[in-house]
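Scroll down for the structure; my scribbles are underneath it.
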Protein chains: 2
Amino acid sequence: MGKGDFLGEFEQMVLLAVLHQDRTGYGMSIRQEIEARTGRDPSIGSVYATLDRLEEKGLVHSHQGASLPERGGRARRHFALTPEGAAALRAVRRMMDRMWAGADMRGAGGEV
Amino acid sequence: MGKGDFLGEFEQMVLLAVLHQDRTGYGMSIRQEIEARTGRDPSIGSVYATLDRLEEKGLVHSHQGASLPERGGRARRHFALTPEGAAALRAVRRMMDRMWAGADMRGAGGEV
DNA sequence: CGTCATATCTTCTAGTTTGTAGAAACTCGG
DNA sequence: CCGAGTTTCTACAAACTAGAAGATATGACG
């Protein structure tokens, strides 16, 4: 019924960013990973909101980082992919691959 | 501000289905294309809602089909990709490729 | 002919989930 | 206490969803 059976667009990006920084990534660094790769500039709030949703769904797991930041601040919350998260990523990838299969962009949107 | 600068997940799928059936596709057939390729079973209402949104954004163009259906019913509304739609598709593809680049799923979600 | 039953297709309505941004709160070192 | 680095909260906009309602053509049947 719900739409919650699939990954939204931004959820995919965040999940991939978590994968790229497995176990070491936290809010800020994940935001940066996305920015560096895509040029998008999501607000930090968006990232956390999505991260929280992904954790609720069991696709991601978080734990408090040891507090040894040298330079002050609140303890980091590190994220890691769960097996379910990895599976969701593979599933969405498979779906999109099928949708793209045979796509011919030459002349798309041509003569009206 | 809005999120509307990018393509949502389902918007991507619909846009690709339109591409695959360029100029001949209409609500029902587009729904089927998605189902056939991905196994998803979106309601027809979802498809039209998304198609309308895409047309508003100028990514898709629609026109009434000639009424020669042999077997009664309302006239079909055919869809085609616009140049902007093709560009949006290429853009989202590029973004996702960058997010996936170097993704290593081996052992992802491993030892907790 | 007329109008009705039926098949196709589209539009409308109403609600949930995702995505967004910015402000507020927390926590550490100095 | 103050400033820097982080996370959480609040409030709203956009995307997604399903199903019911509306529209429009054809063929049947009197």
Side-chain angles (χ1 to χ4, degrees), chain A residues 1-15 17 21 24-32 34-35 38 40-57 59-60 62-79 88 92 95, chain B residues 1-15 17 21 24-32 34-35 38 40-57 59-60 62-79 88 92 95:
Chain A
M1 258 185 221
K3 155 192 189 182
D5 304 322
F6 303 101
L7 286 176
E9 189 227 4
F10 194 58
E11 287 179 324
Q12 288 177 46
M13 289 200 180
V14 170
L15 214 44
Q21 303 188 354
T24 65
Y26 64 103
M28 298 301 209
S29 72
I30 287 169
R31 203 206 127 273
Q32 284 183 331
I34 293 172
E35 187 184 28
T38 68
R40 253 168 100 153
D41 183 30
S43 77
I44 187 63
S46 309
V47 174
Y48 277 111
T50 302
L51 244 11
D52 286 344
R53 262 179 230 135
L54 290 174
E55 185 161 35
E56 262 179 46
K57 295 190 194 172
L59 304 183
V60 126
S62 76
H63 69 280
Q64 290 300 320
S67 61
L68 43 115
E70 280 240 335
R71 193 92 188 89
R74 191 169 176 171
R76 291 178 176 168
R77 190 174 147 214
H78 292 288
F79 291 86
V92 72
M95 260 193 196
Chain B
M1 254 185 225
K3 151 192 191 183
D5 303 322
F6 303 101
L7 285 176
E9 190 227 5
F10 194 57
E11 288 179 324
Q12 289 177 44
M13 288 199 180
V14 170
L15 214 44
Q21 303 188 354
T24 65
Y26 63 103
M28 298 300 208
S29 72
I30 288 169
R31 202 204 128 275
Q32 285 184 332
I34 293 173
E35 188 184 28
T38 68
R40 253 169 100 152
D41 184 30
S43 78
I44 188 62
S46 309
V47 174
Y48 277 110
T50 302
L51 245 11
D52 287 344
R53 224 181 299 129
L54 290 174
E55 186 162 35
E56 260 178 48
K57 296 188 193 173
L59 304 184
V60 128
S62 77
H63 70 280
Q64 290 300 319
S67 60
L68 42 115
E70 280 241 335
R71 196 90 190 91
R74 189 169 176 171
R76 292 176 176 169
R77 190 173 146 214
H78 291 289
F79 291 87
V92 71
M95 258 194 196

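Numbered from 1 within each chain, the chains take letters A, B, ... in sequence-line order.
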- Note on the structure: When rounded to whole Å, the CZ to C1' distance for the pair B:Arg40 and D:dA15 reads 12 Å
- Message: According to side chain to side chain contact (heavy atoms under 4.5 Å, CB included), who are the partners of A:Ser46, at least two apart in sequence or on a separate chain?
- Response: A:Phe10, A:Ser43
- To the nearest angstrom, the CZ-P distance between B:Arg53 and C:dT11 comes to 15 Å
- Message: Measuring from the side chain of B:Arg77 (C-beta onward, heavy atoms only), which nucleotide among D:dA15, C:dG19, C:dT11 has the closest atom?
- Response: C:dT11
- For the side chain of B:Thr38 and the backbone of B:Ile34, is there at least one donor-acceptor N/O pair under 3.5 Å apart? yes
- Message: Without decimals, in angstroms, what is the distance between B:Leu7 CG and C:dG19 P?
- Response: 13 Å
- Query: Could you give the CD-to-C1' distance, from B:Glu11 to D:dT17, as a whole number of Å?
  - Reply: 14 Å
- Message: Strictly below 4.0 Å: does B:Ser46 bring a side-chain N or O up to OP1 or OP2 of D:dA18?
- Response: yes
- Task: Determine yes or no for a side-chain-to-main-chain donor-acceptor pair under 3.5 angstrom, with A:Glu55 supplying the side chain and A:Ser62 the backbone.
- Result: yes
Restricting both atoms to N or O, compile the protein contacts to nucleotides 20-24 of chain D shorter than 3.5 Å, with distance only.
unit_1, atom_1, unit_2, atom_2, d
D:dG22, N2, B:Arg74, NH1, 2.7
D:dA23, O4', B:Arg74, NH1, 3.3
D:dT24, O2, B:Arg74, N, 3.4

- Minimum heavy-atom distance A:Arg31-A:Val47, with the two atoms named: CG-CG2, 3.7 Å
- Task: Please round to the nearest 0.5 Å and tell me the distance separating atom CD of B:Gln21 and atom CZ of B:Phe79.
- Result: 11.5 Å
- Note on the structure: B:Arg31 atom CZ is separated from D:dC16 atom C1', nearest whole Å, by 15 Å
- Query: Rounding to a whole Å, what distance do you find between A:Asp52:CG and C:dT17:C1'?
  - Reply: 15 Å
- Item | Residue whose closest nucleotide on DNA chain C lies nearer the 5' end, A:Pro42 versus B:Met28 | B:Met28
- Message: From CD of B:Glu9 over to C1' of D:dT17, roughly how many Å is that when rounded to an integer?
- Response: 13 Å
- Item | Aromatic ring pairing B:His63/B:His78, orientation class (parallel under 30°, perpendicular over 60°, tilted between) | tilted
- Please report, rounded to the nearest Å, how far the P atom of D:dA14 is from the CZ atom of A:Phe10. 17 Å
- Give a yes/no on whether any side-chain N or O of A:Arg76 is located under 4.0 angstrom from OP1 or OP2 of D:dG5. no
- Task: Taking all non-hydrogen atoms of both residues into account, name the closest pair between A:Met13 and B:Met95 and its distance.
- Result: CE-SD, 3.6 Å
